[in-house]
Amino acid sequence: MGTSNCSDDFKRDAVHHITASGLRNLGLSEEELASFSDPFREGMMQEDRLRRLGDRRKSNWLDTVIEGGPIWSGNVASAAHSESVKADQTDDETSVKTATTVHAMVLLYAQERKDVETKTKEIEKLLTNQNVAIVHSLPLVLDVEEGRNFSREHFGFADGISQPIPYDEPRADSKKTSAVEVDGKLALEPDPVRGVRLGEILLGHVNGHQEIPPGPMVRDIADNPLPEQNDALVFRDLGRNGSYMVVRQLHQDVPAFWKGMQEAASTLCKQDSEAKDVDATWVAEKMVGRGVDGCGLRPEGRIPNGPNGEIDNGFRYFDEDRHVTGCPLGSHVRRSNPRDSLAPKEDMKQTLSDAANNHRILRRARKYGTKIENKLEDDGKERGLLFICLNTDIARQFEFTQQTWLMNSDFSTLYEETDPLIGPDGEMAIPVEPLRYRAKVKTFVKLVGGEYFFLPSVNGLRYLAAL
Ligand code: HEM
């Protein structure tokens, strides 16, 4: 479904992701599908998942979803549910259908747009021969700025900076091997702030709960490309070295965002004659929780990036900004990864930091749509972020981040406010000495479509191709 004109850290030019109904169509049995995780099997459009994600209440789409509801998904819940309901029952309460059904997503990577287009045509031909149609296509961009290490999302902020750093268990046979390399070095020790077990990102490895969760498991086949695990088992582990991928197409209203920031700034300046630094950019940076160029916000002001543009990401909040006068508690980055800031006292910093690291996601978002020329003028063009993240436990990682941190109106000590970037109309508290400002926010981001996908390992892909 997606295309991107950039080189990518996946180091392959095409990556394949499949929904639960896509796997069913490829020939996996119901018994095999049952070994995949619940959120994946139910799909993003299942009512309970939509409720957790803050997309829908009872039969109403919330304002953070485009009018009429999302236009695409895997329609996974509908398919699974309709098989189990009796003919006289309706499945209205448990699943929502989107007009377009996506069974699989192919991400194509290349340096140049024309190469992506050529590849897309080749793939389209192959797919047509197999009776498979391209139902949704999005040209994606990663335009890393000259002399900087980042690309900006449409609101203009450096994005994709803060990531968890997975580390591997030393293997029994050799202490010096690891599936993970960071800056050319084997990652065998946890990074003190960002370290997560490899099993948080790749299935089949030890995760943050010190276990290797089983599955998904599939039947043995002739010339099985999946490694044997135990002679007594007739099932093989399809999950190992694969992952679950969350995709949400998020429309961004850039003029609404910057006009909103201007209005909020002028209101705050009227309320407080001391508010000399307060302008639209100041408010926007407080809402994101970083400067537009990615720099950290601290009580003493912006922390400049390093001489080669390095952006500080090894920080913790408890020591550096305990009273939240630098990076607000309700800002997007402090909600989406509170690090140790929820520690009630000094000796609980590490515990709370470790607890937060049990909910990390590896983000791989890409922009779609052209850059807006005048950020205050609506040009009527569709643009946004194809939010993509990898995790092995969708409920504990992605859904928890969205539900318990970002969209939680009572997050930590806050009251009746949600994430200022991706949440609905409301307010946000911005602590400043001696107390706080309350800035108005509108709905700037809306869900267009989305689904949970399975990203198989190379052997996993070979297995599926052999079915
Ligand atoms: C259009 C929607 C979104 C925009 C424009 C956006 C923008 C940003 C920006 C500018 C940053 C700071 C730079 C960085 O560390 O990469 C960031 C960080 C982050 N965002 Fe988002 N984001 C969006 C949606 C989401 C969603 C849906 C989630 C998860 C449910 C999410 C999770 C995160 C996380 C985990 C971080 C890193 C925080 C840290 O570790 O310090 N974002 N985002």
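Ligands are counted one by one from 1 in listed order, and the atoms in each one are counted from 1 as well.
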Check your understanding: Got a sec, which pairs hit ring pair (Phe, Tyr, Trp, His ring centres under 6.0 Å) with one end in residues 342-372, sequence neighbours left out?
Key -> His359-Phe400, His359-Trp405
Point to revise | Environment of atom 21 (Fe) of ligand 1 in terms of protein N/O/S atoms, cut-off under 2.8 Å | key: His332 NE2
Review point. Would you say Asn207's side chain and Thr392's backbone share a donor-acceptor pair under 3.5 angstrom?
Key: no
Check your understanding: At what distance is the nearest protein heavy atom to atom 40 (O) of ligand 1, and which residue and atom is it?
Key -> Ser162 OG, 2.5 Å
Exercise for review: Please could you name the atoms of ligand 1 that Gln402 approaches to less than 4.0 Å, counting only its heavy atoms?
Suggested key: 27 (C), 30 (C)
**Study point:** Residues in salt bridge (charged side-chain N to carboxylate O under 4.0 Å, His left out) contact with Arg49, at least two apart in sequence or another chain
**Key:** Glu42, Glu399
Review point. Considering only the protein, which heavy-atom contact is closest to atom 3 (C) of ligand 1, and what is its distance?
Key: Leu385 CD2, 3.7 Å
**Study point:** Listed partners of Phe36 passing ring pair (Phe, Tyr, Trp, His ring centres under 6.0 Å), at least two apart
**Key:** Phe40, Phe454
Point to revise | ligand 1 atoms in contact with Phe398 (distance to a heavy atom under 4.0 Å) | key: 30 (C)
Exercise for review: Look at Lys349 together with Asp319 and state whether they make a salt bridge at an N to O cut-off of under 4.0 Å.
Suggested key: yes
Review point. Can Tyr244 and Asn391 be counted as having a side-chain donor-acceptor contact under 3.5 angstrom?
Key: no
Check your understanding: Would you call Lys58 and Glu47 a salt bridge, using N to O less than 4.0 angstrom?
Key -> no
Review point. For ligand 1, is any non-hydrogen atom under 4.0 Å from Gln163's backbone (N, CA, C, O), its side chain (CB onward), both, or neither?
Key: neither
